[in-house]
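Per chain, numbering begins at 1; letters A, B, ... match sequence-line order. Predicted model only: the values in this text are computed from it and were never measured.
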Protein chains: 2
Amino acid sequence: MTEPTSLGNELLRSAARLSRWASRHASFDVPFAQARLLALLDELGPSRVSALAAADHSSQPSITTQLHRLEAAGWVERAVDPDDARASLVSLSPAGKDALEDVRRARVAVLAPALDGLDATALARVRVAIDVLDELLAAAAEPPSHPTRKDG
Amino acid sequence: MTEPTSLGNELLRSAARLSRWASRHASFDVPFAQARLLALLDELGPSRVSALAAADHSSQPSITTQLHRLEAAGWVERAVDPDDARASLVSLSPAGKDALEDVRRARVAVLAPALDGLDATALARVRVAIDVLDELLAAAAEPPSHPTRKDG
DNA sequence: CAAATTACATAGATAACCTATGCATATCAA
DNA sequence: TTGATATGCATAGGTTATCTATGTAATTTG
């Protein structure tokens, strides 16, 4: 079954397996969803709740809940958006950046035994894998610019 | 920051993102963990509960719970292991195979817009990505005393 | 200004996990 | 054989992660 139809299936299966394995074996105390949100905040900088939900492909209430936990931990700060009193601008606190660094170290550590000792060719393959995953997500999540599209 | 240390981080992040996005957008009614277990049963054939837990990198009680749901749906069958009355041998029923096929179709469909129209070179890159994910998981999950290690 | 919209919060439900523990069967030592 | 221990699975109870539906307050609009 090397036909293109099974390729998507295999990719999703393999990605999910690695992901699952890593989250089970990486030892950090920050729950997974909170770690993800910390990383997203670091990437985006000060953001609205709804912007975070969109970027995370999750619902706004999910983000609200996670943000409350991050706030309780002192990892994020909120400011009222000067342009809109309904909206918050959420950003990482210094403690939040520290927590994110811890998470990153733990995630690096969990894969390190498998990555250490890879030669340049093998590392290049890993880089290809990362790029493929990112490109496919971008292509899948973006509105299709192909002629397959019908409304706009 | 393209040093090897960040590579693991990036890979895990990208894999988790694609995974998450797909599970949010694939429209099948089978819950994610049950779908995973169906696929695993299909791969392994008749298996003990504990073997499934090990292969899935999850706890035995998690598998027990999921199996009860699969049984309630009529998707798996159990037989007493003839060698050990404590153990069950769990296998997919015909209905379970059908359900798994539905899941696979839905998963293929969710990535199809991104995969359709890729040329042979791009498809080869996707194949590399799958192989890299599988190889890293295998390397990471194996006991580290394996001879693939350079030092001891 | 009233109505509609928007941004976020809350409520309530389900799924997916885990650890701790219980119970029955197997195995082993003496 | 029998008591101790190990093993295979089930149950209990708790946490995290999500969702949809809905509420509340601020903003925009006709």
A.B. asks: Taking only residues two or more places apart in sequence, or in another chain, which ones meet B/S59 in a side chain to side chain contact (heavy atoms under 4.5 Å, CB included)?
C.D. replies: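 Per chain and number, B/S59 pairs via side chain to side chain contact (heavy atoms under 4.5 Å, CB included) with B/P61, B/S62.
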A.B. asks: The criterion is salt bridge (Lys or Arg N to Asp or Glu O under 4.0 Å); which residues satisfy it with A/D98, sequence neighbours excluded?
C.D. replies: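 So A/D98 forms no salt bridge (Lys or Arg N to Asp or Glu O under 4.0 Å) with any residue.
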A.B. asks: Report the residues that fulfil salt bridge (Lys or Arg N to Asp or Glu O under 4.0 Å) with B/R36, sequence neighbours left out, ordered by chain and then residue number.
C.D. replies: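 Expected list: B/D56.
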A.B. asks: Listed by chain and number, what are the side chain to side chain contact (heavy atoms under 4.5 Å, CB included) partners of B/A124, not counting sequence neighbours?
C.D. replies: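 Not a single residue meets the side chain to side chain contact (heavy atoms under 4.5 Å, CB included) criterion with B/A124.
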A.B. asks: Hey, can you pull the residues of residues 29-43 of chain A with a non-hydrogen atom under 4.0 angstrom from DNA chain D?
C.D. replies: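 Those residues are A/P31, A/F32, A/A33, A/Q34, A/R36.
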A.B. asks: Taking only residues two or more places apart in sequence, or in another chain, which ones meet B/S91 in a side chain to side chain contact (heavy atoms under 4.5 Å, CB included)?
C.D. replies: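 Partners of B/S91 by the side chain to side chain contact (heavy atoms under 4.5 Å, CB included) criterion, ordered by chain and then number, come out as B/P46, B/E77.
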A.B. asks: What range of DNA chain D does chain A touch, first nucleotide to last, counting atoms under 4.0 Å from its heavy atoms?
C.D. replies: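 Extent of the interface on DNA chain D: D/dT16 to D/dT27.
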A.B. asks: For A/R24 and C/dT19, what is the distance between atoms CZ and C1' respectively, to the nearest whole Å?
C.D. replies: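 Nearest whole value for this atom pair: 11 Å.
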A.B. asks: Test of understanding: with side-chain hydrogen bond (donor to acceptor under 3.5 Å, both in side chains), list the residues that count as partners of B/T64, not counting sequence neighbours.
C.D. replies: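 For B/T64 the side-chain hydrogen bond (donor to acceptor under 3.5 Å, both in side chains) partners, ignoring immediate neighbours, are B/Q60.
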A.B. asks: Could you tell me which residues satisfy side chain to side chain contact (heavy atoms under 4.5 Å, CB included) with B/D134, sequence neighbours excluded, listed by chain and number?
C.D. replies: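 B/D134: side chain to side chain contact (heavy atoms under 4.5 Å, CB included) contacts with A/S14, B/I130.
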A.B. asks: Residues in salt bridge (Lys or Arg N to Asp or Glu O under 4.0 Å) with A/R78, at least two apart?
C.D. replies: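 By the salt bridge (Lys or Arg N to Asp or Glu O under 4.0 Å) rule, A/R78 matches A/E71.
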A.B. asks: Any residue in residues 56-74 of chain B with a heavy atom nearer than 4.0 angstrom to DNA chain D? Just list them by number, or reply none.
C.D. replies: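 Under 4.0 Å from DNA chain D: B/Q60, B/P61, B/T64, B/H68.
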A.B. asks: Can you measure from CZ (B/R24) to NE2 (A/H57) and round to the nearest 0.5 angstrom?
C.D. replies: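 B/R24 CZ to A/H57 NE2: 9.0 Å, rounded to 0.5 Å.
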A.B. asks: For DNA chain C, which residues of residues 78-93 of chain B approach it to below 4.0 angstrom with any heavy atom?
C.D. replies: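 DNA chain C contact set from residues 78-93 of chain B: B/D84, B/A85, B/R86.
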